[in-house]
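Working notes, beginning with the structure itself.
Side chains included, hydrogens not; waters and symmetry mates left out as well; all remaining heavy atoms used. Each chain gets a letter, A, B and so on, in the order the sequences are listed, and its residues count up from 1.
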There are 2 protein chains.
Amino acid sequence: MIEPTDELAAKTLAALAHPVRLAVVRRLVEAGPPGLTAGQLGEPLDVSPNTLSFHLQKLTQAGLVTSRREGQYIRYRARFDELLDLVDHLVGACCSESRDACGPRCPASRRP
Amino acid sequence: MIEPTDELAAKTLAALAHPVRLAVVRRLVEAGPPGLTAGQLGEPLDVSPNTLSFHLQKLTQAGLVTSRREGQYIRYRARFDELLDLVDHLVGACCSESRDACGPRCPASRRP
DNA sequence: ATCATGTTTCAAGAGTAGTTGAATCATTGA
DNA sequence: TCAATGATTCAACTACTCTTGAAACATGAT
């Protein structure tokens with residue numbers, strides 16, 4: 001009953017489950033397709049460069065961001081599809097087994 | 001630049017970042033307002049009762065589920081608002097800083 | 001070439017999370 | 001009251017994650 005997709009999604013969630021990594025992903029999500037360089041990401045974050053690099057690697061391994069060298073800099077971008085897949089896996093089947101809707105914000109938004 | 005809300009959301013994500021807990025939450029989300037008892041949750045999961053209890057406690061502490069004794073059983077329910085707040089915190093500001101939209105599935109769905 | 005900047009890699013240590021088995025608590029029915 | 005079922009608590013151990021400091025690599029400018 002624990003599906004392989006749960007195992008995978010759990011790993012992806014673990015990658016998000018750190019203040020620095022979450023802040024990074026959120027900023028990349030806000031930034032949209034252009035993304036941001038490692039330096040831009042680290043600048044307001046009060047984290048040493050090696051620590052930031054560690055976290056960026058985690059996010060990359062989890063498939064949540066991509067990286068690409070641009071001359072001296074390395075540019076990171078959010079992988080939007082992966083993020084939206086994750087969200088969908090989490091709440092996509094909201095109250096589908098229930099007669100009662102779960103509320104006005106329900107992602108399934110099947111209102112009478 | 002790491003906001004307190006990031007710290008909190010990271011903890012909530014950590015609570016979701018385990019296959020058993022994710023499977024539990026997903027089933028509670030599907031189940032809707034009626035929820036499920038601990039026994040119902042554990043039955044298809046191949047986890048010992050004490051381990052399940054440990055995970056349910058984690059989810060409760062994280063504010064993702066509520067529990068309520070009903071006679072012999074204990075019934076768990078998803079806290080939908082918390083979950084949706086979390087999702088919103090993650091992707092709610094999608095590509096707001098960018099000229100280019102991030103894609104057709106963008107939560108902000110501002111299409112020309 | 002050399003140096004400065006941006007970024008990653010490596011090794012070591014501290015702290016935290018997850019599993020297990022045994023014991024305990026709560027409720028129901030005989 | 002006693003036994004059975006549902007669920008939680010406790011203690012101990014293993015494994016993993018995160019941080020740190022030092023070193024290394026890549027690029028661009030002098």
Do NZ/NE/NH1/NH2 and the carboxylate oxygens of Glu70(B) and Arg77(B) come within less than 4.0 Å? yes
Under 4.0 Å from OP1 or OP2 of dT17(D): is there any side-chain N or O of His55(A) that close? no
Output the rounded distance in Å from CG (Leu22(B)) to C1' (dG18(C)). 16 Å
Measure CZ/Arg68(B) against C1'/dT8(D) and give the value in whole Å, please. 19 Å
Closest non-hydrogen atom pair between Met1(A) and Pro44(B), with its separation: CB-O, 2.8 Å
In whole angstrom, give the distance that lies between atom CG of Leu36(B) and atom P of dG6(D). 16 Å
Contacts satisfying salt bridge (charged side-chain N to carboxylate O under 4.0 Å, His left out) that involve residues 26-42 of chain B (not counting sequence neighbours) are Asp6(A)-Arg26(B)
Going by the rule side chain to side chain donor-acceptor pair (under 3.5 Å), which residues pair with Ser48(A) if we only count those two or more places apart in sequence or in a different chain? Asn50(A), Thr51(A)
Separation of dT19(D) C1' from Ile2(B) CD1 (nearest whole Å): 13 Å
Minimum-distance pair of heavy atoms, taken over all atoms of Lys58(B) and Ala15(B): O-CB, 4.4 Å
Whether each nucleotide of nucleotides 2-17 of chain C has a protein heavy atom under 4.0 Å at its base (B), only at its sugar-phosphate (S) or at neither (-) is summarised, 5' to 3', as ---BSBBB--------
Whole-Å distance between dC18(D) P and Glu7(B) CD? 13 Å
Of all the heavy-atom pairs spanning Leu41(A) and Leu52(A), show the shortest one and how long it is. C-CD2, 4.4 Å
